[in-house]
There are 2 protein chains.
Amino acid sequence: MSFPSEYTRPAVTVDCVVFGYAVGKQLKVLLIERLNEPYAGRWALPGGFVEENEPLETAALRELKEETRVQNIFVEQLYTFGSPNRDPRGRVITIAYYALVNLEEHPVHAGTDAKHARWFPVDELPLLAFDHQLILEAALNRLRAKIRYQPIGFELLPEEFTLTQLQELYEAILGVRQALNKRNFRSRILKMGVLKEVGIQEHVAHRPARLYRFDSEIYHEMQESKSKELIRRGIDFEI
Amino acid sequence: MSFPSEYTRPAVTVDCVVFGYAVGKQLKVLLIERLNEPYAGRWALPGGFVEENEPLETAALRELKEETRVQNIFVEQLYTFGSPNRDPRGRVITIAYYALVNLEEHPVHAGTDAKHARWFPVDELPLLAFDHQLILEAALNRLRAKIRYQPIGFELLPEEFTLTQLQELYEAILGVRQALNKRNFRSRILKMGVLKEVGIQEHVAHRPARLYRFDSEIYHEMQESKSKELIRRGIDFEI
DNA sequence: GCAAAAGTGTTACTTTTACACCCATGC
DNA sequence: GCATGGGTGTAAAAGTAACACTTTTGC
């Protein structure tokens, strides 16, 4: 187990599953059409090799910026994939990240960087290169699980949004229609107290909705008091 | 972004956070004393370089077996750490795993493989090499979070256990004392229906407790019906 | 005035919490 | 017979699910 000589080392990449959402639309994923072998012509996740002395998340953000020109968005490490045969060129280990972009506030011109790129609805995906199908599924599972207990959904909405838009987002991500009773969704989300009312809609051909903004300060305070509460009155779990 | 020449590649390791537990004791972590530089004399997580054509999880299991002689235990990928300066020898990316071992059924002779090794209670850790403190904290956070919603705790108990032992395990992992009312812990866990009664204790100087076994088949059926139920009646969440 | 979406009140039911006491065994 | 941990019943409170109707706006 000595320090391995250079030629035995695997190559290391990062790949990004970029989820995009616009109010009222489906949840989408950004894919790049590969121009070169292997898998020329197939669609693939944006990604590339990690540079020397480059932190992993920085590499993911760099790739993201090169592909989408988007900055300052939510990015989180997903999982590391390293089957010996996942790349026909040789051993390549990839650290996968996922990112969330609101497509109205960050109008992503897919197709920068001289590559064909396109947004695909998550339920109409093409055949993908490498093990990218697997990576994408893992990202979707993570997103669907995490949106239930962490406020990451707000990353996909504009800063100000209506409760109906928030509900539609939940339905788009979870892939269900009218899953939650409007009345109960509203009471529930408002009872949490993490939304701040910031105004009302204008120029809509119906009763204008109230606009809300996610208040991350209140959320973080809540998290603390919640964990104290858990310790005070016992553990709660639901395996 | 061409395929990178060999000499620019980082080295890739796996590190394992091995949690050990014996009924009635504290939660412990297995550490190895480093004999060589860098960090000679410091304690570190067991781990080592990924071999050519070796899947990542296989590498983790191999290291685990080399260090503890333990096989067939729960192992799960945790996170990948890759700060450029985390190893003074050069760029080393590590894929961290965590493992759960019951110390009664797998009496791990820490200190195989001609290395000093020891179990440390999670709240009495020594100074660690590299960024292993960070990795260990991440593992502990993951374990504490995951035990609330997935049945991984049973990996730390003997096959057959009493409800009090299960409760003590929860308290040991979460680092709290008498956190949950005995009455309510019992109703709750039994109401889930994933425990199968398999006998009663013998030769104890008090009323013998019932022994239970975790029934993973029932658990998996439950998971399916649960996700259908969620979709039927709406989303439930608690950000 | 009508179409379109926003917004609300209440009831029956389920779940959770917080109690304190009795039970079976070994020594 | 007593020390030790095992095991339960229940009432009050809180939370959730399932309803259908009223409100406000633009055109």
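Within every chain, numbering begins at 1; the chains are lettered A, B, ... in the order of the sequence lines, protein sequences first and strands thereafter. Quick caveat: nothing in here was measured; it's all calculated off a predicted structure.
- Judged purely by distance below 3.5 Å, without hydrogens or angles, the side chains of B:Arg62 and B:Thr58 never pair a donor atom with an acceptor atom.
- Atom NE2 of B:His203 is separated from atom C1' of C:dG26 by 11 Å (rounded to the nearest Å).
- Summarising the local packing, CD of A:Glu217 is surrounded by 12 or fewer heavy atoms from other residues, nucleotides or ligands at distances under 6.0 Å.
- Annotation: of the two residues near DNA chain D, B:Leu163 and B:Ala205, the 5′-most nearest-nucleotide partner is B:Ala205.
- Note that A:Arg210 lies outside the cation-pi zone of A:Tyr212, set by a 6.0 Å cut-off to the ring centre and a 45° limit from the axis.
- B:Arg183 comes within contact range of at least one nucleobase, with a heavy-atom separation under 4.0 Å.
- In this structure, B:Leu166 places its CG atom 16 Å from C1' of D:dG7, rounding to the nearest Å.
- Here B:Arg210 reaches the OP1 or OP2 of D:dT8: one of its side-chain N or O atoms lies under 4.0 Å away.
- A straight line from NE2 of A:His206 to P of D:dC27 spans 11 Å, rounded to a whole angstrom.
- Rounding to whole angstrom units, CD of residue A:Gln167 and C1' of C:dG7 are separated by 13 Å.
- Counting heavy-atom neighbours within 6.0 Å of B:Asp123 CG, excluding the residue itself, gives a total above 12.
- The nearest heavy atom of DNA chain D to A:Val204 and to A:Lys191 marks one nucleotide each, and the one closer to the 5' end goes with A:Lys191.
- For the pair B:Gln165 CD and D:dG5 C1', the computed distance is 12 Å after rounding to whole Å.
- Taking atom CG on B:Leu190 and atom P on D:dG6, their separation rounds to 14 Å, with Å as the unit.
- A:Ile135 CD1 to A:Tyr98 OH: the interatomic distance, rounded to the nearest 0.5 Å, is 15.0 Å.
- Each of B:Ile200 and A:Asn184 has a nearest nucleotide on DNA chain C; the 5'-most of these lies closest to A:Asn184.
- In this structure, B:Thr164 reaches the D:dG6 phosphate: one of its side-chain N or O atoms is under 4.0 Å from OP1 or OP2.
- Taking only side-chain nitrogens and oxygens, A:Arg207 never comes nearer than 4.0 Å to OP1 or OP2 of C:dC2.
- Distances shown here put a side-chain N or O of B:Arg186 below 4.0 Å from the OP1 or OP2 atom of D:dG7.
- Atom CZ of B:Phe185 is separated from atom C1' of C:dT16 by 16 Å (rounded to the nearest Å).
- Spacing between atom CD of A:Glu202 and atom C1' of D:dC27 amounts to 17 Å, rounded to whole angstrom units.
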